[in-house]
Student: 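What follows is a structure written as C-alpha cells; I'll ask about it next.
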Amino acid sequence: MKKQNGAAKRKVLKKSVSPPAKVVIRKIPTGVRGLDDILGGGIPEFSFNIIAGTPGCGKTTLAHQIIFANATAQKPALYFTVLGEPAIKMLRYQQQYSFFDESRLGKAIRFINLADVVLEQDLNAVFNEITKQVTAISPGFVVVDSFRTVVRKAMSLASEIEMQSFIQRLAQFLASWEATTFLVGEYVPEEVRDNPVFTIADGLFWLSQVVERNSVVRKLQIMKVRGQESVPGLHTIRITDGGLQAFSRTLGLVGKKINPVRRRRRLSVGIPELDKMMGGGILEGDSLLVAGPSGTGKSALATQFIAEGLRHGEPAIMAIFEERPKGYTERAVSFGLNLKTPQEKGKLEVLYLRPLDLSVDETMQEILDAIIRVGAKRLVIDSLVGFEMALAPNFRADFRESLYRMIGALTGAGVTILSTVEVEDTFTALSFSHYTISFLTDDIIRLRYVEIDGQLRKVMVVIKMRGGNHSKDIREYVITNKGVVVISPRSTDYSGLTTGIPQRTGPRQAQKEEAAPEPKAKK
C-alpha cells in the first residue's frame with residue numbers, strides 16, 4: 001500500500017512540474033520571394049548576420065531588399081557604407097528595382113559614410129562611431145557594407161586578438177540595442193574556416209555565381225542560421241527588376257498543397273479509342289508520358305488532352321519549349337480546337353519558357369504561379385527535350401532528379417500532367433526515353449512508325465498504367481483535321497510491329513507464298 005501511495009505522489013509531482021517556457025524568437029520577413037521558406041520562416045529578430053560572396057552575386061541588393069521591406073520611422077535602418085560604392089552611386093542603381101521607395105530615405109532608412117574613420121583611425125574609433133550613431137537613433141536594423149573593407153584595413157594594423165575583440169564587442173553591443181544586423185562583404189569559401197566573424201555570426205548567407213561554358217547561374221546557400229531549421233543545399237536565385245527572387249530546392253514538395261486530390265476520377269484524353277485502351281482514361285493526378293519520334297503527333301495529342309479538359313470546365317496550363325504560342329494556337333484551329341477563347345477568358349495559359357540559363361526550380365515556380373492563377377487541373381509539358389535545352393548546362397546534369405521533384409510536386413497538388421518526349425526510332429528497339437525517367441511517370445504511351453507494304457504508318461501502344469489494367473493491343477492511328485484518330489480494331493497478319501519492320505504471317509503470307517512462281521530448275 002505504501003509503495004502504491006509513493007508511486008501516486010511521484011505521478012502527481014511529475015504532472016505538476018511543467019517544462020520551462022521557450023523564448024519566442026520573432027522571424028522577420030526578408031521581402032525576397034522564396035527566401036523565407038528556405039530560411040524556415042524568416043530572419044531571427046536581433047540576430048547578427050553575414051551576407052557574403054564574390055562580386056556581382058547580389059549581396060548589396062539583398063541587404064537593400066531586406067531593409068526596405070522592414071525599416072520604419074519608429075525602427076529605422078542604419079546603413080553604414082565604407083570604401084565600396086558611395087551611397088549616392090549605390091542608390092542610383094538600387095532605385096531601378098521595384099522594392100525601392102525614395103520617400104523612406106532619411107527617415108526609415110539612413111545612410112552614414114564610415115570611409116574617413118576607417119582610413120584615418122583605428123578599430124576603436126570605428127566601434128565608437130557605430131555605437132554613437134546607434135545610440136542616437138536606436139535603429140531596428142544595422143547594415144555595414146562592406147564590412148570586409150573594415151577587416152582588411154584593421155588586419156594590416158591590429159593583431160588577430162584585437163580583431164576578434166572588435167567583432168565580439170560589436171555583436172554584443174548591437175544585440176543589446178535589439179538591432180538585427182547584416183555585415184556585407186566579399187569573401188571566398190576558404191575564409192570561412194579561419195575568419196572569426198563567421199564564428200560569431202548567427203546567420204550566414206552565402207551567394208555565388210556558377211560559371212559553366214557560356215552560362216552563369218546565381219546560387220544561394222544558407223550555411224548557418226541559429227535556432228531554426230533551414231533548407232540545406234544550393235538554391236537558385238535570379239535578379240530581376242523586382243530585386244532578388246529565390247527558388248528553393250524543395251519548391252512544391254513541402255508546405256501547403258495547392259488542391260490535393262481526394263477521390264480520383266478517370267479523365268478523358270480527348271481520343272475515345274485511346275481512352276478505351278487506357279481502361280477508361282487517365283487517372284486524375286497521374287503523370288502521363290507520351291514518347292515518340294518527330295511527326296508522330298505528340299503535340300497534337302497533348303492539345304486534344306487540354307481541349308478535352310476545357311470542354312469539361314477544367315482550366316489548364318501548357319508549358320511549351322519548342323514552339324511559340326501563336327503556332328500552337330493556329331495548329332489547334334486546324335484540328336477544329338479553339339484555344340484562343342479559353343485564353344481570353346483566363347481558363348488557359350500557354351507559357352513559353354525558352355530563355356537560356358533556366359533552372360528547373362524557376363520553371364516550376366512559373367508553372368505553380370500559373371496553376372494558382374487559373375485554378376488549373378491539367379498541365380502539358382511539351383517537350384522534355386526542349387525543357388532540357390532551355391536549362392543552364394550545370395542543371396542538365398541533374399535533370400532526372402529535378403524532374404522527380406517537379407512531377408512529384410505538381411501531381412501532389414492534384415494536377416494531371418501530360419509530358420511529351422522525342423525519341424528516335426531505330427527500327428530495332430522500342431525505347432521510351434533517353435532520360436531513363438519512365439519510373440517517374442504513372443502511365444506511358446509509345447508512338448512509332450512502322451513500314452507496311454511500302455508505306456510508313458503510325459502505331460501506338462499503352463506500355464504502362466499504374467492505376468489499373470490497360471489494353472495490350474498495338475493500334476494504328478492517323479492524324480486528320482480532327483487530330484489524332486485511332487483506327488478501329490482490325491485483325492492483322494503482321495508480327496514484330498514494335499520493331500518497326502514487321503513480318504507478314506498468317507493467311508496472306510500463305511497466299512503470297514502460293515502465288516510466288518516456282519524457281520526454274522538449273523540445266
Student: Working to the nearest 0.5 angstrom, can you tell me the gap between Ile306 CD1 and Leu337 CG?
Tutor: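 Answer for the CD1-CG pair, Ile306 versus Leu337, is 11.0 Å.
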
Student: Please report whether the ring centroid of Phe387 lies less than 6.0 Å from that of Phe399.
Tutor: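 Yes, they do, as the ring centres are separated by less than 6.0 Å.
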
Student: Is it true that Arg264 and Asp286 have a side-chain N and a carboxylate O under 4.0 angstrom from each other?
Tutor: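 Judged by the 4.0 Å cut-off on N to carboxylate O distance, Arg264 and Asp286 do form a salt bridge.
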
Student: Between Glu284 and Arg266, is the salt bridge (charged side-chain N to carboxylate O under 4.0 Å, His left out) condition met? List the steps.
Tutor: CA-CA 6 Å; Glu284 188 177 16; Arg266 284 200 176 272; over 6 Å; no

Student: Any donor-acceptor pair under 3.5 Å linking the side chain of Ser47 with the backbone of Pro44?
Tutor: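 Answer holds: yes.
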
Student: Ion pair present between Glu45 and Lys27, side-chain N to carboxylate O less than 4.0 angstrom?
Tutor: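 The answer is no: the pair does not qualify as a salt bridge.
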
Student: Kindly write out the residues that satisfy side chain to side chain donor-acceptor pair (under 3.5 Å) with Ser383, not counting sequence neighbours, or none if the list is empty.
Tutor: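 Per chain and number, Ser383 pairs via side chain to side chain donor-acceptor pair (under 3.5 Å) with Glu322.
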
Student: Distance check, rounded to the nearest 0.5 Å: Ser287 atom OG versus Ile417 atom CD1?
Tutor: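 One finds 5.0 Å between OG of Ser287 and CD1 of Ile417.
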
Student: More than 12 heavy atoms of other residues, nucleotides or ligands under 6.0 Å from CZ of Arg169: yes or no?
Tutor: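 Enclosed.
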
Student: Under 4.5 Å between any side-chain heavy atoms of Gln94 and Thr61, yes or no?
Tutor: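 SC-SC contact between Gln94 and Thr61 confirmed.
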
Student: Could you tell me which residues satisfy salt bridge (charged side-chain N to carboxylate O under 4.0 Å, His left out) with Asp369, sequence neighbours excluded, listed by chain and number?
Tutor: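 Partners of Asp369 under the salt bridge (charged side-chain N to carboxylate O under 4.0 Å, His left out) test: Arg33.
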
Student: Considering all heavy atoms of both residues, which atom of Pro315 and which atom of Val374 are nearest to each other, and what is their separation?
Tutor: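 Residues Pro315 and Val374, closest heavy atoms: CB-O, 3.2 Å.
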
Student: When you check the side-chain N and O atoms of Gln133 and Glu129, is any donor under 3.5 Å from an acceptor?
Tutor: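 There is such a pair (donor and acceptor under 3.5 Å, judged by atom type) between the side chains of Gln133 and Glu129.
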
Student: Hey, does Thr236 have a side-chain heavy atom less than 4.5 Å from the side chain of Arg238?
Tutor: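 Result no, sub-4.5 Å side-chain heavy-atom pair not found.
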
Student: Under 3.5 Å, is there a donor-acceptor pair between the side chain of Glu366 and the main chain of Glu362?
Tutor: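 Such a contact is absent between Glu366 side chain and Glu362 backbone.
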
Student: Donor-acceptor pair, Arg405 side chain versus Arg249 backbone, under 3.5 Å?
Tutor: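 Checked: pair present.
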
Student: For Gln65 and Leu244, indicate whether the former's side chain and the latter's backbone hold a donor-acceptor pair under 3.5 Å.
Tutor: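 Yes, Gln65 side chain to Leu244 backbone: donor-acceptor pair under 3.5 Å.
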
Student: Using atom types as modelled and distance alone, determine if a side-chain donor or acceptor of Gln209 lies under 3.5 Å from a backbone N or O of Pro55.
Tutor: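 Answer holds: yes.
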
Student: Set out, in order, the CA-CA distance, both residues' side-chain angles and the distance that settles side chain to side chain donor-acceptor pair (under 3.5 Å) for Thr420 and Asp382, then state yes or no.
Tutor: CA-CA 5 Å; Thr420 69; Asp382 190 10; 2.6 Å; yes

Student: On a heavy-atom basis, which atom in Ala63 and which in Val184 lie closest, and how many Å separate them?
Tutor: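 Ala63 and Val184 have their closest heavy atoms at CB-CG2, 4.0 Å.
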
Student: Which residue pairs pass the ring-ring contact (aromatic ring centres under 6.0 Å, His included) test with at least one member in residues 56-78, sequence neighbours excluded?
Tutor: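 Residue pairs with at least one partner in residues 56-78: His64-Tyr79, His64-Phe111, Phe68-Phe99, Phe68-Phe100.
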
Student: With sequence neighbours excluded, give me every ring-ring contact (aromatic ring centres under 6.0 Å, His included) pair touching residues 203-248.
Tutor: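 As it turns out, there is no ring-ring contact (aromatic ring centres under 6.0 Å, His included) pair with a partner in residues 203-248 once direct neighbours are skipped.
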
Student: Is a side-chain N or O of Arg110 found less than 3.5 angstrom from the main chain of Ile137, in a donor-acceptor match?
Tutor: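 Checking the backbone N and O of Ile137 against the side chain of Arg110, no donor-acceptor pair under 3.5 Å is found.
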
Student: How far does CG of Leu35 sit from OG1 of Thr30, to the nearest 0.5 angstrom?
Tutor: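 Between atom CG of Leu35 and atom OG1 of Thr30 there are 4.0 Å.
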
Student: For Glu314, is there an ion pair with Lys377 - N to carboxylate O distance below 4.0 angstrom?
Tutor: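 Glu314 and Lys377: not salt-bridged.
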
Student: Should Lys347 and Leu310 be marked as a side-chain contact (heavy atoms from CB on, under 4.5 Å) after you check the CA-CA gap, both sets of side-chain angles, and the distance that decides it?
Tutor: CA-CA 8 Å; Lys347 298 297 182 182; Leu310 292 170; 4.3 Å; yes

Student: Can you give me the closest heavy-atom contact between Ala171 and Phe48, atom names plus distance?
Tutor: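 Between these two residues, the closest heavy atoms are CA-CE1, 3.7 Å.
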
Student: List in chain and number order the residues that pass side chain to side chain contact (heavy atoms under 4.5 Å, CB included) with Ala71, two or more places apart in sequence or in another chain; answer none if no residue qualifies.
Tutor: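 Ala71: side chain to side chain contact (heavy atoms under 4.5 Å, CB included) contacts with Ala77, Arg104, Ala108, Ile109.
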
Student: Do the side chain of Arg218 and the main chain of Ser208 share a donor and acceptor less than 3.5 angstrom apart?
Tutor: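 No; judged by distance alone, with no hydrogens or angles, the pair does not exist.
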
Student: Calculate, to the nearest 0.5 Å, the distance between atoms NZ and CG belonging to Lys59 and Asp145 respectively.
Tutor: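 That separation rounds to 8.0 Å.
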
Student: Taking side chain as C-beta onward, heavy atoms only, is Met406 less than 4.5 Å from Ile367?
Tutor: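 Heavy-atom side-chain distance check passes, below 4.5 Å.
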
Student: Within the 4.5 Å heavy-atom criterion, are Asn113 and Phe80 side-chain neighbours or not?
Tutor: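 The answer is no, as the side chains (C-beta and beyond) never meet within the 4.5 Å cut-off.
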
Student: Show the nearest heavy-atom pair for residues Val231 and Ser248, with the distance to one decimal.
Tutor: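 Scanning both residues completely, I find the closest heavy atoms to be CG1-OG, 4.0 Å.
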
Student: In chain order, what residues pass the side chain to side chain contact (heavy atoms under 4.5 Å, CB included) check against Ser230, with sequence neighbours excluded?
Tutor: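 With neighbours one apart ignored, the set is Ile222, Val225.
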
Student: Between Gln228 and Ile43, is there a donor-acceptor pair closer than 3.5 Å when you use the side chain of the first and the backbone of the second?
Tutor: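 No, because the side chain of Gln228 does not come within donor-acceptor range (under 3.5 Å) of the backbone of Ile43.
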
Student: Does atom NZ of Lys75 have more than 12 heavy-atom neighbours from other groups under 6.0 Å away?
Tutor: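 Correct, the count exceeds 12.
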
Student: Do Val290 and Ser419 come close enough that some side-chain heavy atom pair is under 4.5 Å?
Tutor: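 With C-beta onward as the side chain, the pair stays apart.
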
Student: Supply the atom-to-atom distance Phe305 CZ to Ser299 OG, rounded to the nearest 0.5 angstrom.
Tutor: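 Result: 14.0 Å between the selected atoms.
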
Student: Considering non-hydrogen atoms only, spot the tightest contact between Ala302 and Leu418 and give its length.
Tutor: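 Heavy atoms only, the tightest pair is CB-CD2, 3.8 Å.
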
Student: Rounded to the nearest 0.5 Å, what separation is found between the CD1 atom of Ile317 and the CD1 atom of Ile371?
Tutor: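 Nearest 0.5 Å value for the CD1-CD1 distance: 6.5 Å.
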
Student: For Gly386 and Phe321, work out which heavy atoms get closest and say how close.
Tutor: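 It is C-CB, 3.5 Å.
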
Student: Just checking Glu344: does its CD atom have more than 12 heavy atoms from other residues, nucleotides or ligands closer to it than 6.0 angstrom?
Tutor: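 Yes, because the 6.0 Å sphere around CD of Glu344 holds more than 12 heavy atoms from other groups.
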
Student: Determine whether Leu170 and Phe147 make a side-chain contact, defined as any pair of heavy atoms from C-beta on separated by less than 4.5 Å.
Tutor: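 Contact flag for Leu170/Phe147 side chains = yes.
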
Student: Carefully, step by step, assess Thr131 and Asn128 under the rule side chain to side chain donor-acceptor pair (under 3.5 Å).
Tutor: CA-CA 5 Å; Thr131 57; Asn128 290 336; 4.5 Å; no

Student: Mind checking whether Lys132 and Ile130 have side chains closer than 4.5 Å, heavy atoms only?
Tutor: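 Contact flag for Lys132/Ile130 side chains = no.
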
Student: Show the numbers, then the answer: is there a side-chain contact (heavy atoms from CB on, under 4.5 Å) between Asp442 and Leu288?
Tutor: CA-CA 6 Å; Asp442 302 295; Leu288 168 64; over 6 Å; no

Student: Check Leu183, Ile67, Thr81 against Val143 for a side chain to side chain contact (heavy atoms under 4.5 Å, CB included) and give me the one that passes.
Tutor: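 Of the listed options, the one satisfying the test is Ile67.
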
Student: For the side chain of Thr329 and the backbone of Lys340, is there at least one donor-acceptor N/O pair under 3.5 Å apart?
Tutor: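 Checked: no pair found.
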
Student: Between Met318 and Leu348, is there a side-chain heavy-atom distance shorter than 4.5 Å?
Tutor: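 Counting from C-beta outward, Leu348 and Met318 do come under 4.5 Å.
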
Student: Determine whether Asp202 and Lys224 satisfy the following criterion, salt bridge (charged side-chain N to carboxylate O under 4.0 Å, His left out), listing intermediate values before the conclusion.
Tutor: CA-CA 7 Å; Asp202 301 310; Lys224 178 182 182 182; over 6 Å; no

Student: Determine whether Arg226 and Asn49 satisfy the following criterion, side chain to side chain donor-acceptor pair (under 3.5 Å), listing intermediate values before the conclusion.
Tutor: CA-CA 10 Å; Arg226 284 181 173 144; Asn49 306 280; over 6 Å; no

